[in-house]
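One structure is given below, encoded as structure tokens.
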Amino acid sequence: MTTAKDIMHTGAHWIPAHETLDRAAEMMRDHKVGALPVSANGEQDRMVGIITDRDIVIKCVASGHDPSKVTAGELCDGTPRWIESTADVDAVLEEMQSHRIRRLPVVEDKKLIGMISEADLALHLSDEQVAGWAEKVYTRT
């Protein structure tokens with residue numbers, strides 16, 4: 001059985017909710033990622049959301065806000081989603097499809113150990129699985 005841990009990429013990094021978006025952008029650049037899980041202030045094991053590079057551009061910069069003054073926590077909305085490292089690929093796809101998300105943090109013993117992105121799905125799943133996932137995530141409802 002292929003699990004979330006088998007298809008995730010390791011090295012996911014947190015950003016504390018109190019950090020500013022300019023710092024988040026620097027972290028994304030330095031780690032070559034497009035999203036960061038946001039942790040409760042001082043608690044690296046409690047996720048309060050995820051921010052993406054697109055969130056920073058659309059919700060902050062394009063809205064006329066200063067990324068050096070807006071925090072990662074202010075940008076988070078909704079309920080954070082994640083999956084256990086032992087979950088099988090079908091559970092991963094279901095979680096991502098049912099919530100129409102493109103990135104999914106992977107946890108083990110309540111600790112962040114990785115992230116699954118669209119690229120990870122494309123690398124590890126069949127064309128049929130990826131096509132089915134994309135149809136459900138990207139189709140307008």
Side-chain angles (χ1 to χ4, degrees), residues 1-63 65-141:
M1 168 181 82
T2 304
T3 66
K5 190 171 187 174
D6 296 328
I7 67 170
M8 71 178 196
H9 63 269
T10 58
H13 299 276
W14 292 97
I15 186 161
H18 70 271
E19 286 286 354
T20 58
L21 297 181
D22 59 341
R23 177 67 185 124
E26 290 169 356
M27 286 181 67
M28 288 179 191
R29 177 199 64 210
D30 294 347
H31 297 295
K32 298 177 175 69
V33 298
L36 294 169
V38 179
S39 66
N41 290 326
E43 297 181 50
Q44 292 237 337
D45 58 352
R46 193 167 77 86
M47 184 171 56
V48 296
I50 293 179
I51 59 169
T52 66
D53 47 5
R54 187 174 193 278
D55 291 335
I56 294 170
V57 171
I58 302 297
K59 295 178 181 178
C60 180
V61 177
S63 298
H65 302 291
D66 182 350
S68 69
K69 293 188 172 34
V70 178
T71 66
E74 291 174 286
L75 209 64
C76 292
D77 56 359
T79 303
R81 310 302 311 177
W82 65 89
I83 197 142
E84 290 287 334
S85 64
T86 56
D88 69 19
V89 169
D90 289 335
V92 169
L93 293 173
E94 176 59 30
E95 183 70 15
M96 293 175 84
Q97 290 166 345
S98 65
H99 297 286
R100 299 180 67 129
I101 55 177
R102 294 178 225 142
R103 295 172 181 94
L104 186 62
V106 179
V107 298
E108 191 170 84
D109 297 323
K110 298 184 180 181
K111 303 282 186 203
L112 178 71
I113 64 165
M115 184 85 78
I116 298 173
S117 68
E118 296 167 292
D120 299 311
L121 298 179
L123 285 171
H124 297 285
L125 303 181
S126 71
D127 291 346
E128 293 79 22
Q129 287 174 304
V130 174
W133 172 84
E135 180 180 356
K136 289 179 181 164
V137 169
Y138 288 110
T139 301
R140 293 182 187 199
T141 56

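Note: hydrogens, waters and symmetry copies are ignored here, and every other heavy atom, side chains too, is used.
Separating the CD1 atom in Ile116 from the CD1 atom in Ile83 is a distance of 6.5 Å, to the nearest 0.5 Å. A distance of 12.0 Å separates OG1 in Thr10 from CE in Met115, rounded to the nearest 0.5 Å. Within the model, atoms CG of Asp55 and OG1 of Thr52 stand 3.0 Å from one another, a figure rounded to the nearest 0.5 Å.
Closest approach of Pro37 and His13 over heavy atoms only: CD-O, 3.3 Å. Between Met47 and Pro105, the shortest heavy-atom contact is SD-CG, 3.8 Å. Taking all atoms of both residues into account, the shortest heavy-atom contact from Ala35 to Met28 is CA-CE, 4.1 Å. When all heavy atoms of Ile101 and Trp133 are compared, the pair lying nearest together is O-CZ2, 3.7 Å. Here the shortest heavy-atom pairing between Cys60 and Asp66 reads SG-C, 4.0 Å. Closest heavy-atom contact between Cys76 and Gly49: SG-CA, 3.8 Å.
With a 4.5 Å cut-off on side-chain heavy atoms, Lys69 and Thr20 do not count as touching. Using a 4.5 Å heavy-atom cutoff, the side chains of Leu75 and Ile56 are in contact. Using a 4.5 Å heavy-atom cutoff, the side chains of Met96 and Leu121 are in contact. Between His9 and Ser117 the shortest side-chain heavy-atom distance falls below 4.5 Å. Counting heavy atoms from C-beta outward, Arg81 and Leu104 have side chains that approach closer than 4.5 Å. No side-chain heavy atom of Val38 sits under 4.5 Å from any side-chain heavy atom of Trp14.
Partners of His65 according to the ring pair (Phe, Tyr, Trp, His ring centres under 6.0 Å) rule, which considers only residues two or more places apart in sequence or in another chain, do not exist here. In this view, His124 satisfies the ring pair (Phe, Tyr, Trp, His ring centres under 6.0 Å) rule with no residue, not counting sequence neighbours.
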Item to check | Audit row: Leu36, Ile50, side chain to side chain contact (heavy atoms under 4.5 Å, CB included) steps and yes/no | outcome: CA-CA 6 Å; Leu36 294 169; Ile50 293 179; over 6 Å; no
Next on the checklist: Walk me through whether Glu84 and Val107 qualify under side chain to side chain contact (heavy atoms under 4.5 Å, CB included).
Outcome noted: CA-CA 5 Å; Glu84 290 287 334; Val107 298; 3.8 Å; yes
Item to check | Chi angles and distances behind the side chain to side chain contact (heavy atoms under 4.5 Å, CB included) call for Asp88, Thr3 | outcome: CA-CA 4 Å; Asp88 69 19; Thr3 66; 5.6 Å; no
Item to check | Worked verdict on Lys5 versus Ile113 for side chain to side chain contact (heavy atoms under 4.5 Å, CB included) | outcome: CA-CA 8 Å; Lys5 190 171 187 174; Ile113 64 165; 4.2 Å; yes
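Between the side chain of Asp109 and the backbone N or O of Lys111 there is no donor-acceptor pair closer than 3.5 Å. A donor-acceptor pair under 3.5 Å is formed between the side chain of Ser63 and the backbone N or O of Ile58. Between the side chain of Glu74 and the backbone N or O of Thr71 there is at least one donor-acceptor pair closer than 3.5 Å. Side chain of Gln129 to main chain of Ser126: a donor-acceptor pair is present (N/O by atom type, distance under 3.5 Å, no hydrogens or angles). With hydrogens and angles disregarded, no donor-acceptor distance shorter than 3.5 Å links the side chain of Asp30 to the backbone of Met27.
Shown are Val92, Thr2, Val130; of these, the side chain to side chain contact (heavy atoms under 4.5 Å, CB included) with Leu125 is made only by Val130.
In summary, Arg29 and Glu26 do not engage in a salt bridge, as defined by a charged side-chain N under 4.0 Å from a carboxylate O.
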